[in-house]
Amino acid sequence: MKICHMTSAHKSDDTRVFQKECKSLASAGHEVYLVAKGESRREGNVEVVGIGDAPASRVRRILHFSKAVYTKA
């Protein structure tokens, strides 16, 4: 199964998101993608799709960065 985890609030190396969720799903045999702030890379059978740094403004992050995450996914 293909799984795409999207987050605009967490970094791509966040322990809860990347280590506990994405890597566990990948080790169970799923094709896992993580779209998050940071750089793109492949690590532990998880394809991380980085979208750069989030804006400092919370309002911009909620309105614009969330849309960028969705669009990239």
Side-chain angles (χ1 to χ4, degrees):
M1 176 186 323
K2 286 186 180 183
I3 298 170
C4 181
H5 188 110
M6 303 182 301
T7 178
S8 63
H10 299 91
K11 294 180 184 176
S12 62
D13 62 350
D14 183 77
T15 301
R16 292 169 293 165
V17 175
F18 182 73
Q19 298 290 336
K20 293 184 178 181
E21 292 182 32
C22 294
K23 285 181 84 174
S24 295
L25 289 166
S27 67
H30 300 288
E31 186 177 341
V32 181
Y33 297 87
L34 171 62
V35 181
K37 54 184 161 176
E39 298 297 318
S40 296
R41 67 184 188 282
R42 179 149 185 90
E43 184 178 330
N45 294 328
V46 176
E47 187 70 34
V48 178
V49 180
I51 54 172
D53 295 326
S57 165
R58 184 174 184 198
V59 173
R60 284 192 176 152
R61 188 175 64 242
I62 292 169
L63 297 177
H64 302 288
F65 200 66
S66 297
K67 184 178 179 182
V69 170
Y70 180 77
T71 302
K72 194 72 156 186

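No experiment lies behind these values; they were computed from the predicted model shown. For reference, positions follow the sequence shown, starting with 1.
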Across all chains, not counting sequence neighbours, the salt bridge (charged side-chain N to carboxylate O under 4.0 Å, His left out) partners of Glu39 are none

Those residues at least two apart in sequence (or on a different chain) that pass salt bridge (charged side-chain N to carboxylate O under 4.0 Å, His left out) with Arg58 are none

Show me, pair by pair, the donor-acceptor contacts under 3.5 angstrom made by side chains of residues 26-36, not counting sequence neighbours?
unit_1, atom_1, unit_2, atom_2, d
Ser27, OG, Lys23, O, 3.3
Ser27, OG, Ser24, O, 2.8
Glu31, OE2, Tyr33, OH, 2.4

What pairs of donor and acceptor atoms, side-chain ones from residues 6-15 against any protein atom, are under 3.5 angstrom apart with sequence neighbours left out?
unit_1, atom_1, unit_2, atom_2, d
Thr7, OG1, Ala9, N, 3.2
Thr7, OG1, His10, N, 3.2
Thr7, OG1, His10, ND1, 3.0
Ser8, OG, Ser66, OG, 3.3
His10, NE2, Arg16, NH2, 3.4
Ser12, OG, Arg41, NH1, 2.9
Asp14, OD2, Arg16, N, 3.1
Asp14, OD2, Val17, N, 3.1

Between the CZ atom in Phe65 and the OG atom in Ser57, the distance rounded to the nearest 0.5 Å is 12.5 Å

Applying a strict under-4.5 Å side-chain criterion to I, L, V, M, F, W and Y, I'd like to know whether Leu63 and Tyr70 cluster together. no

| Can Val49 be reached from Ile3 by stepping across I, L, V, M, F, W or Y side chains whose heavy atoms are under 4.5 Å apart? | no

Contacts of Glu47 meeting side-chain hydrogen bond (donor to acceptor under 3.5 Å, both in side chains) (sequence neighbours excluded), chain-then-number -> Arg42

The complete set of salt bridge (charged side-chain N to carboxylate O under 4.0 Å, His left out) pairs with one or both residues in residues 64-73, sequence neighbours excluded, reads none

